[in-house]
Structures are given as structure tokens and as C-alpha cells.
Amino acid sequence: RILLPIPTSSKSHFYKMDKPRLPNPALFICDLQEKFRSAIYEFPKIVDTTRKMVAACKILNIPIYCTTQNAAKLGATVSELTDILPADTKEVDKTAFSMMVPEITSRLSQQAQAFSSAQYPGSSSSAYSPNHPSYPNQQANSQPCQILLVGIESHICILQTATDLLSLGHRVYVLTDGVSSCNAGERGIALDRLRMEGCVVTTSESVLFEMLGDAKSEGFREVSKLVRDWKDQTKSAVEVLCGALYGRLEEGKDDKGRGQREGKGEGPGSLSRL
């Protein structure tokens with residue numbers, strides 16, 4: 001038996017039943033680019049999970065933030081995503097490893113302030129768009145966002161993005177079936193570090209139903225149908241990307257793609273970002 005330590009943080013994560021569990025979420029898509037297609041461990045599964053999350057965010061009207069890493073060298077966001085992203089989604093190119101470059105930081109701050117202003121009597125109730133830079137900062141005291149984080153690489157850009165978000169007071173949900181690295185072994189170390197830093201390490205399906213919270217929630221039927229439509233891809237992603245971390249893969253089923261997991265696949269590795 002493994003005894004898990006009891007959290008000592010003074011911050012409570014219990015929720016009132018009449019309040020959304022994730023009241024102000026956003027999806028962060030980190031650097032899912034063409035040049036990484038053949039280099040990243042189980043890249044197609046990461047894309048599948050991200051596509052499912054994009055579809056859910058469109059149903060629930062959740063803002064989406066998307067970055068590329070040095071697109072001139074590493075290519076654009078993969079077409080499977082650009083084909084389905086909302087029309088107003090602006091991809092931000094960067095050289096920093098963290099997604100929290102000034103443009104993204106500013107837009108997320110606007111989202112937080114817009115949500116906060118809606119909680120105060122007499123504040124503006126204008127709709128928020130993450131790609132509308134002129135949205136007024138109506139509340140200096142902004143409420144934190146809940147960030148759903150997918151993309152690559154787990155131990156570099158995902159890690160640095162998450163820790164930057166935590167330092168700004170946001171809550172970060174790292175989707176285990178939605179993040180990866182060139183070397184599969186880096187994932188477990190990175191996820192352990194992320195958990196220790198204060199992130200919620202979870203899965204895409206878990207967080208979708210956590211956002212809904214109730215079968216009477218608006219969008220429940222559509223999201224439930226989405227989950228059913230993607231059940232095979234979800235099962236495959238969870239078995240490989242989560243099962244391997246917790247020792248639940250059947251013996252002998254882990255040989256396929258071993259070369260890729262050991263970093264022997266073709267394509268740019270981590271250092272190609274530099």
C-alpha cells in the first residue's frame with residue numbers, strides 16, 4: 001500500500017454544489033507543430049486529445065490560447081487543429097519556452113478581469129473574447145483562471161508554462177493524455193514535478209465532466225455525445241499515455257514503437273528548439 005501525503009496548503013479546493021467547479025476555464029495548446037510530428041512520443045494521440053478538447057471548448061464557449069515555437073523553423077500548428085480551431089483563435093509565435101509571453105499573459109489577465117467584473121454588482125457584462133486586446137481592465141482584483149494544458153514538451157514548455165501560470169495565481173490542470181515529449185521517459189518525471197509544484201494532473205475526460213459538474217448543466221448532452229464519439233481514441237490515449245506511467249499496461253503490449261519512445265524516431269529532438 002502507498003500512503004499519499006495529506007496536502008498542507010491552506011487553500012481549499014472544495015466547491016459549493018451550486019457553483020461551477022471550474023468557473024473561468026481556458027484551454028492552452030502548446031506548440032503542436034508539423035516538425036514535431038515524427039519526433040514526439042505518441043504525437044497522434046496528443047493531437048486526438050487536443051481535438052476533443054477543442055470541440056468541447058467550442059460547445060462550452062471556453063477561450064482557447066494557442067502557441068507555436070519558432071514557427072519559421074519548426075512549422076505551423078498541425079492542420080488537424082487549425083481546421084477546427086474557432087475563427088477568432090490567434091496563434092502566438094514565440095521563442096520563449098513558456099507560453100506566458102506578454103501577449104498571452106495580457107489576454108489571460110483580461111479574461112480574469114472580465115470574469116471578476118461580472119461578479120461585482122454594476123460591473124460590465126460584456127462578452128469576453130481572448131483575442132480582443134482592447135477589452136478594458138475593469139477590475140484590478142481579478143479572479144484566477146483554470147487552465148487546461150495540452151501540448152509539448154512535457155518537461156520543457158509544458159513545465160515552464162505551468163509554473164508561470166501558478167506563480168500568477170491560476171489553477172493548472174495538466175491533461176496526462178494530452179502532453180508528451182520526444183523521450184517518453186521525460187513524461188513521468190515532468191508530471192511528478194508538475195504535481196509537486198501544485199498542478200492538478202488529470203485526464204481529458206475527467207476534466208470535461210468536472211467542468212460540467214451536473215447532468216443538468218448546459219452543454220451536458222453535447223459534451224456527453226462528444227465523449228462517446230471519441231471513446232476509442234480516448235481509451236487508446238489513456239491506456240498508452242496514462243497506463244504506462246502507473247504500470248497498468250499488459251505485459252508484452254509495450255514493445256510497439258519502443259524505438260520512438262527511446263528517442264530514436266526521426267525528426268527534431270528537444271535541442272532543435274534552440
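These numbers were taken from a predicted model, which means no experiment stands behind them.
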Review point. Are Val150 and Val54 grouped together when hydrophobic residues (ILVMFWY) are joined by side-chain heavy atoms under 4.5 angstrom apart?
Key: yes
Exercise for review: I would like to know whether Met100 and Phe28 meet side chain to side chain contact (heavy atoms under 4.5 Å, CB included); could you show each step before the answer?
Suggested key: CA-CA 10 Å; Met100 295 306 287; Phe28 271 40; 3.7 Å; yes
Check your understanding: CG/Asn70 to CZ/Phe97 distance, rounded to the nearest 0.5 angstrom?
Key -> 10.0 Å
Check your understanding: Do Arg171 and Cys145 have side-chain heavy atoms sitting under 4.5 Å apart?
Key -> no
Check your understanding: Closest heavy-atom contact between Cys66 and Thr89?
Key -> CB-CG2, 4.3 Å
Revision key, fill the gap. dist Leu165:CG -> Leu108:CG (nearest 0.5 Å) comes out at 6.5 Å
Check your understanding: Out of curiosity, does Leu159 fall in the hydrophobic cluster containing Ile189 (side-chain heavy atoms, cut-off under 4.5 Å, transitive links)?
Key -> no
Revision key, fill the gap. From the list Thr49, Asp48, Asp177, side chain to side chain donor-acceptor pair (under 3.5 Å) partner of Ser204 resolves to Asp177
Review point. According to the salt bridge (charged side-chain N to carboxylate O under 4.0 Å, His left out) rule, which pairs have a member within residues 190-207, sequence neighbours left out?
Key: Asp192-Arg195, Arg193-Glu197
Practice item. Please confirm whether the backbone N or O of Thr202 pairs with a side-chain atom of Thr176, one donor and one acceptor, at under 3.5 Å? Key: yes
Practice item. Compute whether any side-chain donor of one residue and acceptor of the other, for Thr234 and Lys52, lie under 3.5 angstrom apart. Key: yes
Check your understanding: Between Lys73 and Lys35, is any pair of side-chain heavy atoms under 4.5 Å apart?
Key -> no
Point to revise | Check: Ala112 main-chain N/O paired with Ser116 side-chain donor or acceptor under 3.5 Å | key: yes
Check your understanding: Under 3.5 Å, side chain of Gln69 to main-chain N/O of Thr95, donor-acceptor pair present?
Key -> yes
**Study point:** Nearest non-hydrogen partners of Gly213 and Arg21, listed with the distance
**Key:** CA-NE, 4.5 Å
Review point. Hey, does Leu60 have a side-chain heavy atom less than 4.5 Å from the side chain of Leu212?
Key: yes
Review point. If you round to the nearest 0.5 Å, how far is CG of Leu81 from CD of Gln33?
Key: 11.0 Å
**Study point:** Set of residues satisfying side chain to side chain contact (heavy atoms under 4.5 Å, CB included) with respect to Ser236, sequence neighbours excluded
**Key:** Lys45
Check your understanding: Can you tell me how far CD1 of Ile64 sits from CD1 of Ile29, rounded to the nearest 0.5 angstrom?
Key -> 5.5 Å
Review point. Quick check: does any side chain N or O of Lys231 sit under 3.5 Å from a backbone N or O of Leu226, one acting as donor and the other as acceptor?
Key: no
Practice item. Scan side-chain atoms only and decide if Ser98 and Asp164 contain a donor-acceptor pair under the 3.5 Å cut-off. Key: yes
Check your understanding: Roughly how far, to the nearest 0.5 Å, is the CE atom of Met99 from the CD1 atom of Ile147?
Key -> 9.0 Å
Point to revise | Short side-chain donor-acceptor distance under 3.5 Å, Tyr65 and Glu91 | key: no
Exercise for review: State the OG1-CG distance between Thr50 and Leu148, to the nearest 0.5 angstrom.
Suggested key: 11.0 Å
Review point. Side-chain donor-acceptor pair under 3.5 Å between Asn24 and Gln111, yes or no?
Key: yes
Exercise for review: Would you please name every residue forming a side chain to side chain contact (heavy atoms under 4.5 Å, CB included) with Cys199, sequence neighbours left out?
Suggested key: Ala162, Leu166, Val172, Val174, Leu194
Review point. For Glu218, which residues count as a salt bridge (charged side-chain N to carboxylate O under 4.0 Å, His left out) partner, sequence neighbours excluded?
Key: none
Review point. Is there side-chain contact between Cys157 and Lys94, with heavy atoms separated by less than 4.5 Å?
Key: yes
**Study point:** Criterion side chain to side chain contact (heavy atoms under 4.5 Å, CB included) on Leu241 and Val179, from CA distance to verdict
**Key:** CA-CA 9 Å; Leu241 295 166; Val179 296; over 6 Å; no
Point to revise | Close side-chain approach of Met53 and Val207, heavy atoms under 4.5 Å | key: yes
Practice item. Give the minimum heavy-atom separation between Cys30 and Ile158, together with the two atoms involved. Key: CB-CD1, 3.8 Å
Practice item. May I ask whether Val240 and Val238 are part of the same hydrophobic cluster, defined by side-chain heavy atoms of I, L, V, M, F, W, Y residues being less than 4.5 angstrom apart, directly or through others? Key: no
Exercise for review: Test side chain to side chain contact (heavy atoms under 4.5 Å, CB included) on Cys182 and Glu153 and set out the steps.
Suggested key: CA-CA 7 Å; Cys182 289; Glu153 288 185 76; 3.6 Å; yes
Exercise for review: Please tell me if the side chains of Arg51 and Gln233 come closer than 4.5 Å, counting only heavy atoms from C-beta onward.
Suggested key: no
Practice item. Among Asp31, Thr161, Asp93, find the residue that satisfies the side chain to side chain donor-acceptor pair (under 3.5 Å) test when tested with Thr67. Key: Asp31
Point to revise | For the student: nearest non-hydrogen atoms of Ile62 and Pro25, plus distance | key: CG2-O, 3.5 Å
Review point. Heavy atoms, side chains only, cut-off 4.5 Å: are Pro23 and Gln146 in contact?
Key: yes
Point to revise | Verdict with reasoning, Cys242 to Thr203, per side chain to side chain contact (heavy atoms under 4.5 Å, CB included) | key: CA-CA 8 Å; Cys242 304; Thr203 64; 4.0 Å; yes
Check your understanding: Can you tell me if Asp214 uses its side chain to pair, donor with acceptor, with the backbone of Lys216 under 3.5 Å?
Key -> yes
**Study point:** Whether Ser224 side chain and Phe220 backbone form a donor-acceptor pair below 3.5 Å
**Key:** yes
Check your understanding: Got a sec, which residues hit salt bridge (charged side-chain N to carboxylate O under 4.0 Å, His left out) with Glu222, two or more places apart in sequence or on another chain?
Key -> none
Check your understanding: Is there a donor-acceptor pair under 3.5 Å between the side chain of Ser154 and the backbone N or O of Arg187?
Key -> no
Practice item. Classify the side-chain pair Ser106/Gln110 by whether it contains a donor and acceptor separated by less than 3.5 Å. Key: yes
Check your understanding: Who are the side chain to side chain contact (heavy atoms under 4.5 Å, CB included) partners of Lys225, not counting sequence neighbours?
Key -> Arg228, Asp229
